[in-house]
Amino acid sequence: MNSTTRFKLSFMMFLEFFIWGAWFVTLGTFLGNNLKATGAETGAVFSTQSWGAIIAPFIVGLIADRYFNAERILGVLHIIGAVLMYQMYNATEISVFYPYVLGYMILFMPTLALVNSVSFNQMKDPEKEFSNIRIWGTIGWIAAGLLISYFFHWDSKEGTESGLLKNTFLMAGIVSLVLGIFSFTLPKTPPKVTGEKITVSDVLGLDALKLLKDKNFLIFFISSILICIPLAFYYQNANPFLSDIGVDNPTGKMTIGQASEVIFLLFIPIFFKRFGFKMTILVGMLAWAVRYALFAYGNAGELSFMLILGIALHGVCYDFFFVSGQIYTNSKAGERFKSSAQGLITLATYGVGMLIGFAVAGKISDAYKSAEGVIDWKMVWIIPAGIAALVFILFALVFNDKTKTEIEAKTV
């Protein structure tokens, strides 16, 4: 890969995740302050990510892989996304905002697969080259959070009260337009499939359902759905929680989670080889329970270190569960069902699991909000901590796969 192509792919990744990080992290705070959304309404808005994840395979598998160059579809989706972002920026009511965010997420979620497709198409050795490109996506997400907190101060107490968080959509929209136009300069990535019949079963990974006949894989599959319920609490409530209790620059501080994600990703191969899949995934599950307990009992004063530690645990929470889970799924699926199995797990977690999680998180937030609008954050975090702990116990007691799983030291 020449330097020009490497720069283009890195810049593409930077912009892709900058866009997502520019508005999604502060979305819960924006909805509560600017649109006066209830917990249930906030949960419905966040669940658009899950609907996007469910619909995305159809756009990529049935359209992108068959008829059009990936970079062109990427460009069109981001240009349309920029228009939808502008409409979200102008929305003043949740009923007006919701259709635009739903449309946006249906268009955005497929782009996560498209940027990978464009990247892989230019690589001779993806296992070595991809991580160096993908890391720019994490840097983009971090850059967006730092800009919001430390440059624009949109998430400061004064900024939040003044409604300045609406500007995150304008910023994301502008960058989306830039990426949309830039996408047409990316290396050509023609359709992968020409003339070959693709079924809905192929797209959704339903062929891999036969793996559920394996008791241990079934337990892992169910646990993956269940652990996404507490995961949804973090995405939906972390920024509003930090803002509400008076933490300075909450969005900027939350980028610590992305930094830890990069660091702990390096430890996955070592930990996996030494302790095996079960122990690795149990550490990930336990980390969810611990981080929410830290949130429940921490504060913006003398116990603020507990909040920072909870944010920093994101790397353990995400990498030790999801990345190790992808490795386990890959090893159980075999050559024939590798793609189908990964698609099935993605559908189960980001689709079904997160959909349930956002709904539950919204109802819990409403249940522990007083008539004056004060939220009992301790209970909001204790409940997902309990759910994560129960999933941990279930998995520890029931899962008993002794199969040795091979893993190569790679960071993808």
Applying side chain to side chain donor-acceptor pair (under 3.5 Å), can you list everything that pairs with [X], at least two apart in sequence or on another chain?
X      : answer
Ser324 : none
Ser162 : none
Gln122 : none
Tyr350 : Tyr318

Quick one: ring pair (Phe, Tyr, Trp, His ring centres under 6.0 Å) partners of [X], sequence neighbours excluded?
X      : value
Phe358 : Phe46
Tyr368 : none
Phe321 : none
Phe7   : Phe11

Within a strict 4.5 Å, meaning less than it, do heavy atoms of the Phe17 and Gln258 side chains meet?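 Side chain of Phe17 against side chain of Gln258, heavy atoms only: no contact under 4.5 Å found.
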Could you tell me whether the side chain of [X] and the main chain of [Y] form a donor-acceptor pair under 3.5 Å?
X     : Y      : value
Lys8  : Thr185 : yes
Asn2  : Thr4   : yes
Asn33 : Thr29  : yes
Ser47 : Ala44  : yes

Angle between ring planes, Phe152 versus Trp154, binned at 30° and 60°: parallel, tilted or perpendicular?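 The arrangement is parallel - the two ring planes meet at less than 30°.
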Going by side-chain contact (heavy atoms from CB on, under 4.5 Å), name the residues that satisfy it together with [X], two or more places apart in sequence or in a different chain.
X      : answer
Ala312 : Ile256
Thr251 : Val25, Thr26, Ile148, Ser149, Asp155, Asn239
Phe395 : Ile219, Phe220, Ser223, Phe277, Lys278, Ile281, Leu282, Met285, Phe399
Met279 : Phe271, Phe275

Looking at Arg72, I want to see if its CZ is surrounded by more than 12 non-hydrogen atoms of other residues, nucleotides or ligands under 6.0 Å.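 No, not enclosed.
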